[in-house]
Amino acid sequence: MTTKSEKLYEQARKVIPGGVSSPVRAIKPYPFYTASAQGSILTDVDSNRYIDYCMGYGPLILGHAHPAVRNAVADQLEHGWLYGTPIEAEVKLASKITSLYPGIEMLRFVSTGTEATQSCLRAARGYTGKNKFLKIEGGFHGAHDAVLVKAGSGAATHGVPDSLGIPPDFTKHTLQVQYNDIDAVTEAVESNRDDLAAVIIEPVLGNV
Ligand SMILES: Cc1ncc(COP(=O)(O)O)c(C=O)c1O
């Protein structure tokens, strides 16, 4: 029984476009609304329990409400939660990450994957002085204009915006090839060599 979720979705559709805050949550005929989560289990507002294979789309590697994380967050709340200034913890965390991953020399913290991929592409373009980048058809890299493209299949195609509100000029440097088509990737890289700044890929395509 999901009566409360159904009602919440009816209300949501009146105040939130499409009823959800991210398209990935737009489950038909309506999504379930989570009330709480613990370990591997989500409990919805109608008290149904679900095994969560999604884990916040990745980041919850310790599961929901892990005591170590909960305690650390609770400790921090005692000291305030938004400063707008640098903090010691970011230096410690960045040092920890760079010490664990030899390939990461420096890093910058951002709030969303969208900001991360946007910054990466900007850095690649700035560094190389080139404009184009290659992505895989169906790959999702966030909600900024240049990556919201789903071109036709076959050899590399130039980007056609996936959403209203994105001028075609903003996606004309986005190239796409089909996943697992090594010949198309080779051809795209070779024929765009002079203006290709980056290749961006989800190593395991999770968003098709
Ligand atoms: C591979 C990948 N990159 C980027 C993003 C965008 O992240 P965000 O929704 O935090 O902007 C997502 C989100 O699902 C993703 O799966």
Side-chain angles (χ1 to χ4, degrees), residues 9 12 15-28 30-34 37 40 42 50-66 69 73 81-82 84 89-90 93-94 97 100-101 103-104 106-128 131-151 153 156-157 159-167 170-171 173-182 184-185 188-189 196-208:
Y9 188 58
V15 286
I16 299 172
V20 288
S21 299
S22 167
V24 78
R25 300 175 199 172
I27 297 163
K28 302 279 179 208
Y30 54 87
F32 69 82
Y33 282 71
T34 303
S40 60
L42 290 175
Y50 308 86
I51 298 175
D52 186 2
Y53 290 104
C54 186
M55 285 296 156
Y57 299 95
L60 291 176
I61 54 176
L62 299 179
H64 291 282
H66 190 283
V69 178
V73 171
W81 49 88
L82 178 63
E90 71 188 311
L93 182 57
I97 294 171
L100 292 174
Y101 292 91
I104 302 178
M106 299 181 91
L107 61 104
R108 180 174 194 160
F109 295 110
V110 291
S111 302
T112 63
T114 296
E115 289 165 83
T117 58
Q118 193 172 32
S119 306
C120 284
L121 290 173
R122 190 174 296 150
R125 285 165 156 167
Y127 182 76
T128 60
N131 294 311
K132 293 179 185 164
F133 70 93
L134 179 67
K135 70 185 282 289
I136 305 299
E137 189 177 330
F140 181 64
H141 303 289
H144 55 103
D145 290 351
V147 293
L148 276 183
V149 165
K150 192 172 181 185
S153 56
T157 47
V160 177
D162 233 5
S163 164
L164 292 175
I166 303 178
F170 288 24
T171 56
H173 298 303
T174 308
L175 305 173
Q176 290 216 140
V177 292
Q178 281 200 316
Y179 191 63
N180 244 354
D181 187 344
I182 191 66
V185 174
V189 170
L196 190 65
V199 176
I200 188 167
I201 183 170
E202 294 181 70
V204 176
L205 212 51
N207 285 290
V208 176

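For ligands, and for the atoms within them, numbers begin at 1 and follow the listed sequence.
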Undergrad: Which atoms from ligand 1 have a heavy atom of Glu202 less than 4.0 Å away?
TA: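 Counting atoms of ligand 1 from 1, those under 4.0 Å from Glu202 are 1 (C).
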
Undergrad: Just so I know, are the side chains of Ile200 and Cys120 near enough to count as touching, which here means a heavy-atom distance under 4.5 Å?
TA: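 SC-SC contact between Ile200 and Cys120 ruled out.
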
Undergrad: Against heavy atoms of Gly142, which atoms of ligand 1 measure under 4.0 Å?
TA: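 The list of qualifying atoms is 4 (C), 5 (C), 6 (C).
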
Undergrad: Just to verify, which of Val177, Asn180, Asp181 counts as forming a side chain to side chain contact (heavy atoms under 4.5 Å, CB included) with Ile136?
TA: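 So the option named by the test is Val177.
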
Undergrad: Taking ring-ring contact (aromatic ring centres under 6.0 Å, His included) as the test, write out the residues that go with Tyr9, two or more places apart.
TA: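 So Tyr9 forms no ring-ring contact (aromatic ring centres under 6.0 Å, His included) with any residue.
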
Undergrad: Identify, by atom number and element, the atoms of ligand 1 in contact range of Thr112, meaning under 4.0 Å from any of its heavy atoms.
TA: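 Checking each atom against Thr112, I get 10 (O), 11 (O).
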
Undergrad: Given side chains that start at C-beta, do those of Phe109 and Leu93 come closer than 4.5 Å, heavy atoms only?
TA: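 Contact flag for Phe109/Leu93 side chains = yes.
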
Undergrad: Side chains of Phe133 and Val199: closer than 4.5 Å at any heavy-atom pair?
TA: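 They are not in side-chain contact.
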
Undergrad: Numbering the atoms of ligand 1 from 1, which are under 4.0 Å from a heavy atom of Thr114?
TA: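 Per the distance check, 6 (C), 7 (O), 8 (P), 11 (O).
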
Undergrad: Mark up the atoms of ligand 1 that fall under 4.0 Å of a heavy atom belonging to Gly113, in ascending order.
TA: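 This gives 6 (C), 7 (O), 8 (P), 10 (O), 11 (O) as the contact atoms.
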
Undergrad: Which part of Tyr57 is near ligand 1, with near meaning a heavy atom under 4.0 Å away: side chain, backbone, both or neither?
TA: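 Neither part.
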
